[in-house]
Engineer: 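Mind looking over this structure? Questions follow.
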Number of protein chains: 2
Amino acid sequence: MSEPLAKTRAKPTSKEEILDAAERLFARCGFDGASMREIAQLAGVAQALLHYHFRTKEGLFEAMFARRSGAINRIRLARLDTMIARGGLTVEEIVDSLLRPTVEAGYDPTRGGHYFANLILTTGASNNPWAQGLIAASYDAMAKRYIEALRMALPDLSLADATWGYLFIIGSALTQMAPTGRADRLSDGATSDRNTEALLSRAAIFAAAGLRAFAATRPASPEAETPTP
Amino acid sequence: MSEPLAKTRAKPTSKEEILDAAERLFARCGFDGASMREIAQLAGVAQALLHYHFRTKEGLFEAMFARRSGAINRIRLARLDTMIARGGLTVEEIVDSLLRPTVEAGYDPTRGGHYFANLILTTGASNNPWAQGLIAASYDAMAKRYIEALRMALPDLSLADATWGYLFIIGSALTQMAPTGRADRLSDGATSDRNTEALLSRAAIFAAAGLRAFAATRPASPEAETPTP
DNA sequence: GTCTATAGTTCGATAGAC
DNA sequence: GTCTATCGAACTATAGAC
């Protein structure tokens with residue numbers, strides 16, 4: 001609905017080109033590592049135009065982040081709604097619908113490869129309230145729907161376990177989406193992190209088994225233990 | 001052995017104070033977000049002293065990173081060696097020995113809370129070769145030993161599956177080590193990410209079940225599929 | 001909407017005294 | 001080893017013409 005990522009194949013407006021350039025550079029270098037100058041140069045416009053459209057660097061980052069996360073979340077929830085309406089939810093397909101849109105939308109090979117997954121990771125790992133607020137605003141509503149869906153597929157799953165499970169799924173896959181060659185190196189070439197299907201299929205198997213183990217471990221969840229602040 | 005994190009309780013040298021301050025600020029703000037000025041101020045020394053000891057900002061970052069990652073890895077491998085010598089390895093205890101040292105060493109409440117896990121995450125998510133090289137130099141050798149250990153505990157695990165399993169374990173736990181309050185929010189208070197025991201015990205259950213599912217899925221791993229470059 | 005030009009700040013790094 | 005002082009470059013943001 002609102003603000004599609006690419007309305008048509010017609011030539012993009014300069015505002016869209018700025019967002020494209022910002023996404024690429026922010027994903028590569030992080031918020032502090034990318035400069036407004038570089039973004040303007042990559043977009044082929046004057047630096048002042050970025051401030052005209054988005055006022056500040058934070059404003060540009062927010063607009064860029066909202067555009068991409070919104071597009072990915074719409075695909076996720078559309079798939080989830082379809083699966084729920086159809087009935088007979090499995091954990092594996094829930095996980096796939098959660099991860100695949102990020103792999104496919106967040107990695108655009110025609111533009112030289114920029115990885116939105118890294119952006120989510122570094123934003124979430126930032127200790128400042130603005131970044132945390134961005135994550136919450138962009139993802140909490142969707143996350144709650146997925147946690148709910150996991151409990152529909154696995155009725156024995158407690159809310160606490162489903163929450164940790166959701167966070168583990170996100171964390172395990174998001175950290176592996178950018179192909180760094182590390183999996184290749186650690187496995188002596190037996191597998192590759194460029195193989196996104198290997199990642200997605202294994203993530204689904206791994207997560208589904210983990211969640212079923214949570215559901216099987218009904219009693220005595222460790223919530224009563226003292227926090228370690 | 002070489003360069004313990006805190007030799008004694010005597011007052012730290014100014015070089016150590018610089019490393020402490022650097023770790024805290026780099027973890028909070030990332031490499032680009034923290035400045036040499038702030039670090040010097042937090043350490044209580046002149047900015048020029050940082051350049052005297054470490055030459056450049058990159059040099060300081062590398063020294064800080066090596067000190068902490070080395071300390072954590074020595075604890076990990078000591079525990080792993082002990083368990084292997086004892087015999088009867090379980091996946092759960094392997095996972096615990098991998099994750100607990102980071103939780104305990106990377107989170108120092110007496111200093112106001114700084115999270116080394118976030119630093120690993122943002123460094124690993126950086127697309128530049130220097131950062132990737134740092135990760136490789138600091139962690140690849142240890143990672144290979146853990147992948148080997150996982151296959152000792154689960155002999156049916158292929159090298160490829162063990163590698164993905166290791167990466168999933170690291171990714172799922174590392175992203176949850178800094179208490180952001182997100183688990184609390186998503187679970188409506190049913191659990192808390194300040195509860196590190198809840199994290200560690202669930203990570204072990206989740207990962208062990210995932211790895212056993214890999215070991216049970218012997219044939220036809222999806223390695224033959226075409227990469228998605 | 002888009003540009004040029006620039007103000008004002010902050011950064012990493014160095015020179016040189018002690 | 002540790003300091004003060006400062007250079008030169010890069011940054012975000014704005015003013016103002018078109």
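Only this structure's heavy atoms are used, side chains among them; waters, hydrogens and symmetry mates stay out. Every chain is numbered from 1, with letters handed out A, B, ... down the list of sequences. Nothing here was measured: the structure is a model prediction, and the numbers come from that model.
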Engineer: Using only heavy-atom distances, determine whether the side chains of B:Arg76 and B:Thr102 contain a donor-acceptor pair under 3.5 Å.
Structural biologist: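 Distance-only check passes for B:Arg76 and B:Thr102.
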
Engineer: Give me, pair by pair, the N or O atoms of the protein and of nucleotides 9-11 of chain D that are less than 3.5 Å apart, along with how far apart they are.
Structural biologist:
| residue | atom | partner | partner atom | Å |
| --- | --- | --- | --- | --- |
| D:dC11 | OP1 | A:Ser35 | OG | 3.2 |

Engineer: Could you give the CD-to-C1' distance, from B:Glu16 to D:dG1, as a whole number of Å?
Structural biologist: 15 Å

Engineer: Write down the distance between NE2 (B:His53) and C1' (C:dT14), rounded to a whole number of angstrom.
Structural biologist: 16 Å

Engineer: In whole angstroms, how far is the P atom of C:dG1 from the CD1 atom of A:Ile18?
Structural biologist: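 Between P of C:dG1 and CD1 of A:Ile18: 11 Å.
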
Engineer: Between A:Asp81 and A:Arg145, does any NZ, NE, NH1 or NH2 come within less than 4.0 Å of an OD or OE carboxylate oxygen?
Structural biologist: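 A salt bridge links A:Arg145 with A:Asp81.
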
Engineer: Which of these nucleotides, D:dG1, C:dC3, D:dT4, is closest to any side-chain atom of B:Tyr52?
Structural biologist: D:dG1

Engineer: Does C:dG1 have its OP1 or OP2 closer than 4.0 Å to a side-chain nitrogen or oxygen of A:Ser14?
Structural biologist: no

Engineer: Classify the ring geometry between B:Trp164 and B:Phe168 as parallel (under 30°), tilted (30 to 60°) or perpendicular (over 60°).
Structural biologist: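 Aromatic pair B:Trp164/B:Phe168 classed tilted.
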
Engineer: Please check this pair: side chain of B:Thr122 against backbone of B:Leu119, looking for a donor-acceptor N/O pair closer than 3.5 Å.
Structural biologist: yes

Engineer: How about B:Trp130 and B:Glu62: does a side-chain donor come under 3.5 Å of a side-chain acceptor?
Structural biologist: yes

Engineer: Grab the CG-C1' distance between B:Asp32 and C:dG12 for me, whole Å please.
Structural biologist: 12 Å

Engineer: Between B:Asp20 and B:Arg67, does any side-chain N to carboxylate O distance fall below 4.0 Å?
Structural biologist: yes

Engineer: For B:Gln41 and C:dC11, give me the distance from atom CD to atom P, rounded to whole Å.
Structural biologist: 10 Å

Engineer: Pick out the pairs of N or O atoms, protein on one side and nucleotides 16-18 of chain D on the other, that lie under 3.5 Å.
Structural biologist:
none

Engineer: Angle between ring planes, A:Phe116 versus A:Phe65, binned at 30° and 60°: parallel, tilted or perpendicular?
Structural biologist: tilted

Engineer: Can you tell which of A:Leu211, A:Ile84, A:Leu150 makes a side chain to side chain contact (heavy atoms under 4.5 Å, CB included) with A:Ile94?
Structural biologist: A:Leu150

Engineer: Let me spell it out: for each of A:Phe31 and B:Lys15, pick the nucleotide of DNA chain D with the closest heavy atom. Which residue's pick is nearer the 5' end?
Structural biologist: B:Lys15

Engineer: Among the nucleotides D:dA13, C:dG1, D:dT2, which one has an atom lying closest to any side-chain atom of A:His51?
Structural biologist: D:dA13

Engineer: Using atom CG of B:Leu49 as one end and atom C1' of D:dA5 as the other, report the distance to the nearest whole Å.
Structural biologist: 16 Å

Engineer: So how far is it from A:Phe26 CZ to A:Glu38 CD, rounded to the nearest 0.5 Å?
Structural biologist: 10.0 Å

Engineer: Once you round it to whole Å, what is the distance between C1' of D:dG1 and CD of B:Glu17?
Structural biologist: 14 Å

Engineer: Whole Å only: how far is the CZ atom of B:Phe61 from the P atom of C:dC11?
Structural biologist: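 For the pair B:Phe61 CZ and C:dC11 P, the rounded distance is 17 Å.
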
